[in-house]
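First up is the structure itself, then whatever we jot down about it.
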Amino acid sequence: MVIDEFLLEAKGASVVEYDISDFIFLEDDIVRYYYQIVTGKVKLNNYTDTGKEILQSIIDEGHSIGEYLLFLNDIGSPVNAVAVTRCKILKLSKASFLELLREQPNLGLDINRNISEHIHFRHIINNSSTQCAAQKLKTLLDFLKIKHNKTEPYSFLVPLTRQEMANFTGLCVETTIKTLKKMEREKLVRIVNRKIYY
DNA sequence: TCATTAAAGTTAT
DNA sequence: ATAACTTTAATGA
């Protein structure tokens, strides 16, 4: 968890509920709140002119959403924040959030860690743009596996749909499926009941 | 090598 | 039911 939930509530945060596919904020919105997920999952994305989704990140329980925007003044969000599942999200005004950080500077470290994680991920994914399909997928899977502290072969159940993997890597679903099957033949992944183990 | 299109099968709600 | 996801196959850049 990035910031203790009781602490946020004591500072005036309220819990807001979102349904699947609800937008928490939209591209170009100026974000005025600190958002932290209590339950559920959220994604950051963009949509191309042809309607294709570009996934920027999937954010799990306990993590904050686009918090870095609060350190930039009057900058529109470059991404949409969309509820992937039903969500309960703590929402604290920017002013209270900044005040909280001044009162408890050590919290800055936790915020920093969260932001750094996202930058690191984006760099890794961006850097894979020169690679072939199999490498792109492997890069994505490697990152997720390490993040979940898994090391043994096939010990990591990939928590993404093929569609999501495609939207992360910029590949189309069909190529993603075909490539994953090739990787299965090469013993890089194991597929059981459509679940992918890496 | 990979995107696109189409068509059909499967799963989840 | 119906929408979302998965799969296969053909075609073309």
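Convention: sequence-line order gives letters A, B, ...; per-chain numbering from 1. Computed over heavy atoms, backbone and side chain alike; hydrogens, waters and symmetry mates excluded.
For the pair A:Lys145 and A:Tyr198, the cation-pi test (distance below 6.0 Å, angle within 45°) is passed.
Across A:Val31 and A:Leu70, no two heavy atoms sit closer than the pair O-CD2, 3.7 Å. Closest of all the heavy-atom pairs between A:Ile191 and A:Leu180 is CD1-O, 4.1 Å.
On the nucleic acid side, DNA chain B contacts chain A at distances under 4.0 Å to non-hydrogen atoms, with the end points of that region at B:dC2 to B:dT11.
Under the 30°/60° scheme for interplanar angles, the aromatic rings of A:Phe156 and A:His148 are found to be tilted. Using bins of under 30°, 30° to 60° and over 60° for the plane-to-plane angle, the ring pair A:Phe168/A:Phe121 lands in the perpendicular bin.
The distance between atom NZ of A:Lys43 and atom P of C:dA4, rounded to the nearest whole Å, is 10 Å.
The main-chain N or O of A:Lys187 is found under 3.5 Å from a side-chain atom of A:Tyr154 such that the two form a donor-acceptor pair. Of the possible donor and acceptor atoms, one in the side chain of A:Asn126 sits under 3.5 Å from a partner among the backbone N and O of A:Arg122.
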Under 4.0 Å protein heavy-atom contacts per nucleotide of nucleotides 6-13 of chain C, with B for base, S for backbone only and - for none: SBBB----

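Using a 4.0 Å cut-off between a side-chain N of Lys or Arg and a carboxylate O of Asp or Glu, A:Glu53 and A:Lys43 qualify as a salt bridge.
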